[in-house]
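Everything on this sheet refers to the single structure shown next.
Below, read A as the first sequence line, B as the second, and so on, with proteins coming before strands; counting in each chain starts at 1.
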There are 4 protein chains.
Amino acid sequence: MRVNLEARAAAAEQRKAQTRERLLEAAVAMIGEKGPDACSIEDFVAAAGVSRGTFYNYFPTAESLLHAVRLKIVASLTAVLDARLPKTMPACERLATRLHSYQVTVSRDAAWGWMMLRLDGSRLERTPALEASLDEMFRAGVAQGHFRNMDPAAARTLIFGTSRMLQRDVLMGLSDPAHGIEVIALLLTACGLPHDQAMDVSRRGAALAQEIQDAADAS
Amino acid sequence: MRVNLEARAAAAEQRKAQTRERLLEAAVAMIGEKGPDACSIEDFVAAAGVSRGTFYNYFPTAESLLHAVRLKIVASLTAVLDARLPKTMPACERLATRLHSYQVTVSRDAAWGWMMLRLDGSRLERTPALEASLDEMFRAGVAQGHFRNMDPAAARTLIFGTSRMLQRDVLMGLSDPAHGIEVIALLLTACGLPHDQAMDVSRRGAALAQEIQDAADAS
Amino acid sequence: MRVNLEARAAAAEQRKAQTRERLLEAAVAMIGEKGPDACSIEDFVAAAGVSRGTFYNYFPTAESLLHAVRLKIVASLTAVLDARLPKTMPACERLATRLHSYQVTVSRDAAWGWMMLRLDGSRLERTPALEASLDEMFRAGVAQGHFRNMDPAAARTLIFGTSRMLQRDVLMGLSDPAHGIEVIALLLTACGLPHDQAMDVSRRGAALAQEIQDAADAS
Amino acid sequence: MRVNLEARAAAAEQRKAQTRERLLEAAVAMIGEKGPDACSIEDFVAAAGVSRGTFYNYFPTAESLLHAVRLKIVASLTAVLDARLPKTMPACERLATRLHSYQVTVSRDAAWGWMMLRLDGSRLERTPALEASLDEMFRAGVAQGHFRNMDPAAARTLIFGTSRMLQRDVLMGLSDPAHGIEVIALLLTACGLPHDQAMDVSRRGAALAQEIQDAADAS
DNA sequence: TATGAATGAGAGTTCATTCAT
DNA sequence: CATGAATGAACTCTCATTCAT
C-alpha cells in the first residue's frame, strides 16, 4: 500500500510538472511571436493545448508566467556555457566567446531569440546574475592587463546595450558573420584591447562558439 | 463671397491642424504616463478633449498615431540641434555632442524619455533619418582621420544600442554625469579615437549639450 | 442652426432615457424571476435587448442598477396613493388602506411583487421614506384615540415584518381575500383597536384599495 | 475475521458521518460570514479541510448542503427548548418563551443569526416542522381561552413575519431588550390576550429564555 | 466634421463538475 | 472513498469601431 501511494503521488507530481512545462514552452513560442505585452492568457493555453481554467492552477496572472519563463532561461543560459570553457582562458577571450555564443543561440532559435529580446524590451531589464558574471570577467581582464581600468558600470552599459542591438540585427537578418565579429571586436576595443588584437580575439571567439554549438547539436 | 469662402476654408484647415496637434500632444503625455501598450484610444481622446469618433477622422488606428508621434519627435530633435552646432565642428565632437544632448533632454523630461524608450521598445526600431545622419557623421570622422575605417553598420549597432542603454540608466536614476561621459567616451574609443582624447571630446560634448539646453530654457 | 442643434440634443437625450428605462424595466422583470443575487449583467442586457457594452454606458455595476430600480419604485409608490386618499380619513383607515393597496398592487403584478420581495430580501432593508410615513400615521392614530400609546419602533417591526410575509403569501397563491383582511385586522388589533372594529376597518380598507386600483386601471 | 470486518465497516461509517458533519459545520460558518449566495463549494471544502471531489460524495449540489444545514438547525433548535419547558406551561407563555429564546440565541451568535436570516432570505421560506409546532401552540392557546379563535394561517403570517423582522433588528443592533419584549407582547395582543397581560407574559418569557440560555452556557 | 451612443469581440477570472488514480 | 488536476461554461468588464444625427 505504502509504495503504491507514494508511486501514485510521484506520478501525479510528474504530470503536474509536465503541464507546467508545456505552459512555459508555449509561452516562449508566443512571446517570440507577438511580444510579451500582446500575449493573452488565451494565447498561452491555446499554444499549450490546455484549457483556460488549467492556466490558473499554475500561474495567478500572465505576468507571473512571464516571470517564471525568465527565471528558467537565465538559469539554463549561464550553466551551459561555463561548463564548456577552460578555466585558464583569458577574460577577453571568455567574454568574446560568451557574446558570440549568445548570438549563435539566437540565430539557431529565432523564436527564442525574439522572446529574449522582447521579454524585457519595454524596460530594458538586466538580469543581476548576468551583470555579476560580466563584472567578474571585466575585473579579470583588467588584472590580466588586457582591459583598461575604468568604471565597470560604463562597460556594462556598453556591452549590454550593444549586445542587445546586435541580437536584433541577427534576428532581422541584417547581420552576416563578419558584422557580428566586427561589432564584438569594437566592444573589446572600447574596453582597451588594440583593435587588431580585438579582431583576432573576436574571430577566435566566434569560431569557438560555433564549435561548442555544433558539439551540443551532435550530442 | 469668394473671400468669405476662402477665409472659411482656411479657418477650417487651421481647426483641423489644431485638432491633430492636440491629439499628438495628448499622445505624448499619455504614452509617457502609461506606456504605449497600455494606452487606449479612449485615453488619447479624453486627454485631447475631443470625442471618440473624431479620432478616426485623423488616424485610422492607434498604431498610426504612435507612428506620427515618432516622426514628429525625430524631426524636431535633429532640427533643433543642427541649427545650433557650427558646421565646422569635427565629426567626433558633433557626434559626442549629439549623444549627450539626447541624454540631457531625457533627464530634463523623464516622461518624454520613457515614452521614447518604450515607443519602439520591443522592436528596437531605428529611425532611418537618424541612421542616415549618423552614417554621415561617421564618414566625415573617417575622412577627418579621427575614426578608424570600418563598416558603418557595426558602428550603428554599437552606437544605437549603447545610447539606448545609457538612456535607460539615466531614466532609472543610475547614472551620474561621469557615467554618461565615460560611456560616450567608450563609443568614441571604439570608433578609433585614443581613449584620453575620447574622454576630452566626451567632456566637451557634455558641456556643450548642457549649454545648448540652458540657452533653450532661457529663451 | 441653433434650433436644429437643440432639437438634436433633445432627441439624443430622449433616446438615452429610453435605453435607460428599458434597462430598468428589464431589471424589474429579471429580479422578480431569479432574485437580485442571481441576476447577471448578461441577464439584464438580454432582457432589455441591448448589447453587453451598452449596459456600462448607463450603470457601472449590476449593484448600481439595482439601486436605481429601488429609487424609482419608492418614489412612485407613495405618491400615487397619497393623492387618492382624503386628508380627513382616520389614521387607522389610512393605514389599512395603504397596506391593502400594496397587496393589491402585488397581486396585479406578480413579477413586480417578487422583485420587491427579493430586492431587499437578504437584508430586510426598510426604506426610510416609508418608515417616516408609517410613523406619522401611527402618531396620528394615537392622537385620534384609536391606537395604544407605545413605542413606534415596535409598531414598525410588527407592521413591516407582517406586511412582507403577507406579500409572500399572496405571491405564493396561499392567500384568499379573507386571509389578507384578517392579517391586517390583526395588525390593527395589536395597535390597540378592538378586534371587531379592526375587522370592519380592514374590510373597508380592502374594498377601498380595490376601488382605487380599478379606477387607476380604467383611466 | 468476521469481527474485524464488522469493526472496519463501523469505523468507515463513523468516518463518513464525521466528514459529513465537518461539511455541515463549515457551511454554517461560511454562510454566516459571506451569506449563502456568495459561498462557493470551494469555500465549503476549504473550510472543512476536505478535497473538492469529496464534496460530491455527500451532496450533489451546494443547494442540497444548504438544505441539510437548515434541517439540522431546526431540529436542534426545537429539541433543546422543548426539553426545558414544563409540559404544563400555558401555550401563550410557551409561545412567548420560544420567540424570546430564538432572539437570545441570535444575539449570542450573530454569525449564526445572519446565516438563518439569509438562508431563506429572498424566499421567506418557512420550515414545515416549525409551522406545525406553532399551529399546535396556537390551538392549545385557543382551547385554554387565552387566544381568540381565528384562522391559524393569519396567526402564522403575523408571527413568522414579525419574528424575522425582530431578528433583523437584533442583528443590526437596533433592538434593546425592551423593544423585543414589546414586539412579542404585540403579537400576543393580536392573538387575543389583553395588552397588559401580554406585556407580563412577554416579560416572563424573556426572563425564562435568558435563564435557559445561561444554564446552557454554564453546563 | 464632430459627436457620442451602441455595438460585440475578446480579455481576465471564477467555479461547479468530472474523472483517473 | 478521497483526491485534486483538468475542464469549459459563465461572468464581469474593456475597448476599438461604427453610424445616425
Side-chain angles (χ1 to χ4, degrees), chain A residues 4-5 7-20 22 38-45 48-63, chain B residues 12-13 15-16 19 38-46 49-63, chain C residues 4-5 7-20 38-45 48-63, chain D residues 12-13 15-16 19-20 38-46 49-63:
Chain A
N4 210 338
L5 279 176
R8 198 182 282 183
E13 278 304 304
Q14 206 171 355
R15 255 177 301 122
K16 265 198 83 165
Q18 269 178 18
T19 304
R20 194 186 144 93
R22 283 168 70 189
C39 282
S40 65
I41 289 177
E42 174 68 28
D43 290 329
F44 293 140
V45 299
V50 300
S51 74
R52 240 202 267 305
T54 297
F55 181 90
Y56 293 93
N57 290 338
Y58 293 91
F59 303 98
T61 64
E63 185 96 7
Chain B
E13 277 303 305
R15 264 205 318 273
K16 268 194 72 168
T19 304
C39 282
S40 64
I41 290 180
E42 172 67 27
D43 290 328
F44 294 140
V45 299
V50 300
S51 74
R52 260 185 193 69
T54 299
F55 181 90
Y56 294 92
N57 290 332
Y58 295 91
F59 302 99
T61 65
E63 186 98 6
Chain C
N4 209 338
L5 279 175
R8 198 181 282 183
E13 278 304 305
Q14 205 171 357
R15 256 178 300 121
K16 266 197 82 166
Q18 269 177 18
T19 304
R20 194 186 143 92
C39 282
S40 65
I41 289 178
E42 173 68 29
D43 291 329
F44 293 141
V45 299
V50 300
S51 75
R52 240 200 270 306
T54 298
F55 181 90
Y56 294 93
N57 290 338
Y58 292 90
F59 303 99
T61 63
E63 186 95 6
Chain D
E13 277 303 306
R15 266 204 317 274
K16 269 194 70 169
T19 304
R20 194 187 144 92
C39 281
S40 64
I41 289 180
E42 172 67 29
D43 290 328
F44 294 141
V45 299
V50 300
S51 74
R52 258 185 193 71
T54 300
F55 181 90
Y56 294 91
N57 290 331
Y58 294 90
F59 303 99
T61 65
E63 185 100 6

Between [N] atom [atom2] and [X] atom [atom1], what is the distance in whole Å?
X     : N     : atom1 : atom2 : result
A/Q18 : F/dA6 : CD    : P     : 10 Å
C/R15 : E/dG4 : CZ    : P     : 13 Å
B/F59 : E/dA2 : CZ    : C1'   : 16 Å
C/E13 : E/dG4 : CD    : C1'   : 11 Å

key: Partner residues of D/Y58 under the ring-ring contact (aromatic ring centres under 6.0 Å, His included) criterion, sequence neighbours left out   = none
Once side-chain hydrogen bond (donor to acceptor under 3.5 Å, both in side chains) is applied, do any residues pair with [X], and if so which ones, sequence neighbours excluded?
X     : result
B/T19 : none
B/T54 : B/S51
D/S40 : D/D43

Is the distance from OP1 or OP2 of [N] to the nearest side-chain N or O of [X] less than 4.0 Å?
X     : N     : result
C/T19 : E/dA5 : no
A/S51 : F/dT7 : yes
C/Y58 : E/dA5 : no
D/N57 : F/dA2 : yes

task = Tell me, please, which residues at least two apart from B/R52 pass salt bridge (charged side-chain N to carboxylate O under 4.0 Å, His left out).
result =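 For B/R52, the residues satisfying salt bridge (charged side-chain N to carboxylate O under 4.0 Å, His left out) (neighbours in sequence not counted) are B/E42.
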Rounded distance [0.5 Å steps], [atom1] in [X] versus [atom2] in [Y]:
X     : Y     : atom1 : atom2 : result
A/R22 : A/Q18 : CZ    : CD    : 8.0 Å
C/F55 : C/T61 : CZ    : OG1   : 6.5 Å
A/I41 : A/F59 : CD1   : CZ    : 11.0 Å

request  = Any chance you could encode DNA chain E as dot-bracket? Rule is Watson-Crick or G-U wobble with both distances under 3.5 Å; [ ] for pairs crossing earlier ones, | for another strand.
outcome  = .||||||||||||||||||||
remark   = Letter by letter from the 5' end, nucleotides 13-18 of chain F scores (B base, S sugar-phosphate only, - none; protein heavy atoms under 4.0 Å) BBSSBB
